[in-house]
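Everything below concerns the one structure shown next.
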There are 2 protein chains.
Amino acid sequence: MTNIVFVGAGSVRYTIKLVGDLARTEELHGSRLVLMDIDEERLRATEVLVRKYLSELKAPFLVESTTSLERALEGADFVINTALHRAPGHEDGYVQYEITREVGERHGYYRGIDSQELNMVSDYYTLSNFNHLKMSLDIAKAVERIAPNAWILQTSNPVFEITQLVKRLTKAKIVGFCHGYAHVFHIAKTIGLDPERLDWQVAGVNHAIWMNRFFYDGKDAYPLLDDWIEKHAKDWKPRSPWDVDFSPAAIDMYKFYGMYPIGDTVRSGTWKYHYDLETKKRWYGEFGGIDNEVERPKFYEQLRATRRRLLELAKEVEKDPSLELTKVWPEVFSTGKESVEQHIPFINALVNGRKARLVLNVENNGTIKGIPDDVVVEVPVLVDKEGIHPERIEPDLTDRIKKFYLLPRILRMEWALEAFISGDVRVLQEILIRDPRTKSYEQTLAVINDILNLPFNEEMKRYFLKKSDINSK
Amino acid sequence: MTNIVFVGAGSVRYTIKLVGDLARTEELHGSRLVLMDIDEERLRATEVLVRKYLSELKAPFLVESTTSLERALEGADFVINTALHRAPGHEDGYVQYEITREVGERHGYYRGIDSQELNMVSDYYTLSNFNHLKMSLDIAKAVERIAPNAWILQTSNPVFEITQLVKRLTKAKIVGFCHGYAHVFHIAKTIGLDPERLDWQVAGVNHAIWMNRFFYDGKDAYPLLDDWIEKHAKDWKPRSPWDVDFSPAAIDMYKFYGMYPIGDTVRSGTWKYHYDLETKKRWYGEFGGIDNEVERPKFYEQLRATRRRLLELAKEVEKDPSLELTKVWPEVFSTGKESVEQHIPFINALVNGRKARLVLNVENNGTIKGIPDDVVVEVPVLVDKEGIHPERIEPDLTDRIKKFYLLPRILRMEWALEAFISGDVRVLQEILIRDPRTKSYEQTLAVINDILNLPFNEEMKRYFLKKSDINSK
C-alpha cells in the first residue's frame with residue numbers, strides 16, 4: 001500500500017485538486033491518504049470534502065487525518081508539502097506577506113523588500129519570510145527522521161529556495177513542483193498549433209524557465225511564433241491579470257534573451273517592467289499583471305472566499321450527505337480529466353512504473369551547462385520506477401539567458417539562503433544595499449528593524465540578532 | 001636577443017619605471033627595446049629619456065622607436081601594453097573619462113555610469129569606454145597576426161575585462177599585470193610583521209583580491225591582524241587618498257566577507273561606502289579615498305604635471321647631455337632596487353629561467369573552485385622557462401567572497417563584454433536598468449544617447465546603432 005501524506009491539507013483547494021487526480025489514477029486506488037494540518041477545523045472540513053468527493057468519483061482510498069506531523073509521516077512514501085506558515089491570530093499566510101510588504105513600502109520599497117529585480121513574483125518571499133522557510137525546513141527534517149525514504153513533493157513557494165535549502169541541509173529526498181511549464185501549450189494553441197504535435201523543452205530555475213526547444217511536426221516553430229507576434233501582438237489584450245504570455249513584457253524579454261520566457265518567468269523581469277503601476281500596465285496590459293497593489297489584494301480575497309465557501313460546503317455535506325459536490329461546484333470538484341499538476345503522475349511513475357514526462361525541480365548535475373551542479377533547476381525529466389532522468393537540454397539556453405537572467409537569479413537564491421542559514425543580520429543588509437530602491441545604509445537598517453519587530457517575527461528577530469546587533473555596526 | 005616592445009611608451013613614466021627594472025636585470029642586458037607610440041613628440045621625448053637613463057645606469061640595451069604598431073611588433077617576444085585610448089584633440093585618455101562622467105552625472109549617475117556597485121574604481125571604464133577596449137583588442141589582433149608567439153603583458157586598465165576579451169576573441173598569449181597584491185606587505189609592516197617571514201596568498205579577479213592565506217613563521221597571522229585592528233583601527237588616519245588598507249571600509253569588508261580585501265578591492269565595495277562624498281569620507285577617511293569629485297581631478301592633474309615635466313626634461317637633456325636624470329629626479333629615475341612591477345621578473349623567468357613568484361591574471365582552469373574555468377583570475381603563480389604555474393589556493397576563499405563579491409563582479413565583466421561584442425545597445429540599457437541609480441527606463445535611454453553623441457564616440461555610436469535604434473524600442 002502506498003502512503004501519501006498531504007502536509008498543509010487544510011489549504012483545502014489544492015488538496016481537492018490532487019485528490020481528483022488520484023481518483024482518476026486507478027493504479028493508485030487503495031492507497032492511504034493522510035491529511036495533515038495544524039488547523040483542526042480546516043482539517044476536519046478537508047477530510048469531509050475529500051471523503052465525499054472520492055465517494056462521488058467511486059474511487060477507493062483509505063483516508064485518515066491528523067494534526068500531528070510526526071504521526072502523519074509514519075510509514076510515508078510521498079509527502080506533498082503545500083503548507084504555508086500562518087502567524088497566530090491571522091486568517092492565512094498571505095496576511096504576513098501583506099503586512100510585511102506594507103512595512104517595506106513605508107521605507108521606500110515598492111511591493112516590499114522581497115520584490116527585487118529578477119525576483120518580482122511578489123508572494124514568494126525569501127528575505128523577510130523566515131517563518132515559512134524555517135517551517136518548510138523543519139518539515140523536511142521530520143521527514144528525514146521519520147520517513148527517510150519518502151519523497152517530499154515541495155509545492156508551496158518559494159519552490160526554488162525551499163528545495164535548494166532542504167537539499168543543502170538535510171538528506172531528505174525532495175523534488176520541487178510547479179505547473180508553470182504548461183504555458184507552453186497555451187502559447188502553442190494561441191498561435192494555432194496542436195500541442196500534441198509539438199516537440200518542446202523548457203529549462204531554467206523555478207519561475208525562470210525558457211522555451212529552449214519549440215518544434216512542430218519536426219520543424220522549428222519559432223518562425224511561426226515570430227509571425228504571430230508580428231501580426232497579432234499589437235492587438236493583444238489580457239483576459240485576466242495572470243494572462244501575460246503575449247504581453248509586451250514577454251515579447252521584449254524574448255527579443256532580448258533570444259528564447260521565449262514561460263509562465264511566471266514573464267512576471268520576474270527586471271525593474272524595467274515594474275517601476276510602478278503605470279509601468280506595469282504598459283508592459284503587462286490593462287491589469288498591470290498580478291503583482292501590483294490593485295490585483296494582488298483582489299487575488300488574496302478570491303483565495304479566501306474560495307476557502308470560506310469550501311469550509312461552508314463541508315458543513316452542508318455533513319448535514320445533508322445527499323448533496324453532490326461534483327454538481328454543486330464542478331470547477332473545484334471536477335469529474336473531467338487530470339489537472340495540470342504533476343504530483344500524481346510522479347507518484348504513479350515511481351510506484352507503478354507508469355512512465356511520465358514531467359517538468360521538475362531537481363539538482364542540475366550538468367543538465368544545464370554553465371550552471372553549478374548542485375543548483376536546483378527546472379527541466380523536463382522522464383520518471384519511471386528507477387527514478388528521475390533529466391532530459392538532455394537541446395539546444396542549450398542562450399548565453400544571455402544564463403548571464404543576464406539565470407545566474408543573477410541563482411545568486412539571489414544563494415544570498416537568501418546565506419541570510420537564512422547564517423542568521424547574520426548583516427547579510428540581509430548587504431542584500432538590500434544592492435537593491436535599486438535603496439538610497440542609504442540607514443534605510444536598510446530601518447526597514448529590517450521594523451520587519452524584525454513585527455509581532456509574528458519574534459523567532460526571526462531572536463535568530464538574526466543572536467550574533468550581531470543591527471544598530472551597533 | 002630578446003625583443004621587448006612598449007606599446008603606448010609615450011605615457012613616459014611607466015616606461016621609465018620598467019626600463020629601470022630592466023637596467024637592474026643583468027641577464028636581460030643586450031635586449032632590444034622597441035618604444036612605440038602614435039604621438040611623435042612624446043615618443044621622441046621618451047626615447048631621449050630612456051637612452052639617457054640607461055646610459056647613466058650603464059645598462060646596455062638596443063633602443064628603437066617607431067609610431068608604427070606593425071613595425072614595432074616584428075620579431076616581438078614581449079609586448080608591454082600600457083596604451084590608453086586618447087580622443088583626437090585631447091591631451092590624454094583621462095579627458096574622455098572626465099567628460100563621459102560629467103554626462104553620467106547630469107543624468108543622475110554619481111561618478112558616471114561605469115561607477116557601479118562592485119565596480120567603483122572609477123577610472124576603469126568598461127561600458128562607456130568602447131574606444132579603449134576596441135584599441136586594446138586591435139593591438140592584440142595585431143600581435144596575433146605579426147608576432148603570434150609573443151606574450152602580451154596587459155597593463156592598462158581595465159585589466160580584467162581587456163585580458164578576458166582578448167582571450168575570448170584572439171589566440172594571442174595575454175597575461176594581465178597589476179601591482180595591487182603588494183598591499184599585503186604594507187599591511188604586514190603596519191601591524192609590525194617582517195614581510196620576509198610571511199607565507200601569504202591572495203586570490204580573486206583583478207582589483208577584487210582577498211588575502212586567503214596569511215601565516216607568519218608558520219602560524220596563522222590573522223589573530224595578529226585582529227589584535228591590531230582592535231587596538232589601533234580607531235586611531236587610523238589616511239596619509240593620502242590612496243591609503244585605504246586600514247580604512248573602516250576595509251575592516252567592514254573583512255568582517256563581512258571573512259578574509260582581508262587587498263589593494264583596490266577596498267575601493268570596489270558596494271554603494272554602502274560610496275553613496276556620496278560624505279559617505280565616502282566616513283568609510284575611507286578624510287579624503288574619501290581617491291574615487292571622488294575632489295581627489296580624482298587632483299590625481300589626473302598630478303599625472304599631467306608629471307608628464308609635462310618629463311617632456312620638458314627630455315628637451316633639457318637634448319640641450320645639455322651632461323644633465324643627470326638620476327640626480328635631477330631620483331623619484332622617477334631611480335637608482336635603487338626594483339619597483340613592485342612584475343613585468344621584468346616575468347620576462348626574465350620565461351627567457352632565462354630565473355624562477356619568479358608573481359601574482360598574475362591568467363585563466364582560472366580550476367585554480368579558484370566555484371569560478372568558471374575560462375574566467376581570468378588574479379592568483380599567485382610560479383613562472384619559469386616552461387611557463388606559468390598557478391599555485392594551489394589554500395585555504396579556499398570564503399563562500400561569501402565568492403557569492404557576494406566575486407561572482408557578481410564576474411557577471412559584470414560578462415555583461416560588459418556582451419555589450420562590447422554584440423554591439424547591441426539594448427545590452428547597455430539592460431545593464432543600466434540593474435544599476436541602483438536608475439529610476440526609469442527613459443533615464444537609461446537618455447544617458448546612453450548623450451554618451452553616444454559625444455564627439456569622440458562616433459565609432460561607438462555607429463557600432464551600437466548598426467542593428468538597433470535606441471529610440472525605437
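Residue numbering restarts at 1 for every chain, and letters A, B, ... go by the order of the sequence lines. Only heavy atoms go into these numbers, but all of them, side chains included; no hydrogens, no water, no symmetry mates.
Interface remark: A:Leu407 contributes backbone and side-chain atoms alike to the contact with chain B (heavy atom separation under 4.5 Å). When heavy atoms are compared at a cutoff of 4.5 Å, A:Glu442 approaches chain B solely by way of its side chain, counted from C-beta outward. Neither the backbone nor the side chain of B:Thr279 comes within contact range of chain A; no heavy atom of the residue lies under 4.5 Å from a heavy atom of that chain. With a threshold of 4.5 angstrom between heavy atoms, B:Phe256 approaches chain A through its backbone and through its side chain.
Annotation for A:Lys234: atom NZ counts as buried by contact number, over 12 foreign heavy atoms lying within 6.0 Å.
Closest non-hydrogen pair, B:Phe404 versus A:Glu430, comes out as CD2-CG, 3.8 Å. Among all heavy-atom pairs drawn from B:Asp435 and A:Pro436, the shortest one is O-CB, 4.4 Å. Residues B:Tyr275 and A:Thr438 share a closest heavy-atom pair of OH-CG2, 3.3 Å.
Looking only at distances, no side-chain donor or acceptor of B:Arg400 sits under 3.5 Å from a matching main-chain atom of A:Glu418. In this structure, the side chain of B:Trp415 engages the main chain of A:Lys403 through a donor-acceptor pair within 3.5 Å.
Expressed to the nearest 0.5 Å, how far CG of B:Asp399 lies from CD of A:Glu414 amounts to 7.5 Å. Taken from CG in B:Asp252 to CZ in A:Arg426, the straight-line distance is 8.0 Å, to the nearest 0.5 Å.
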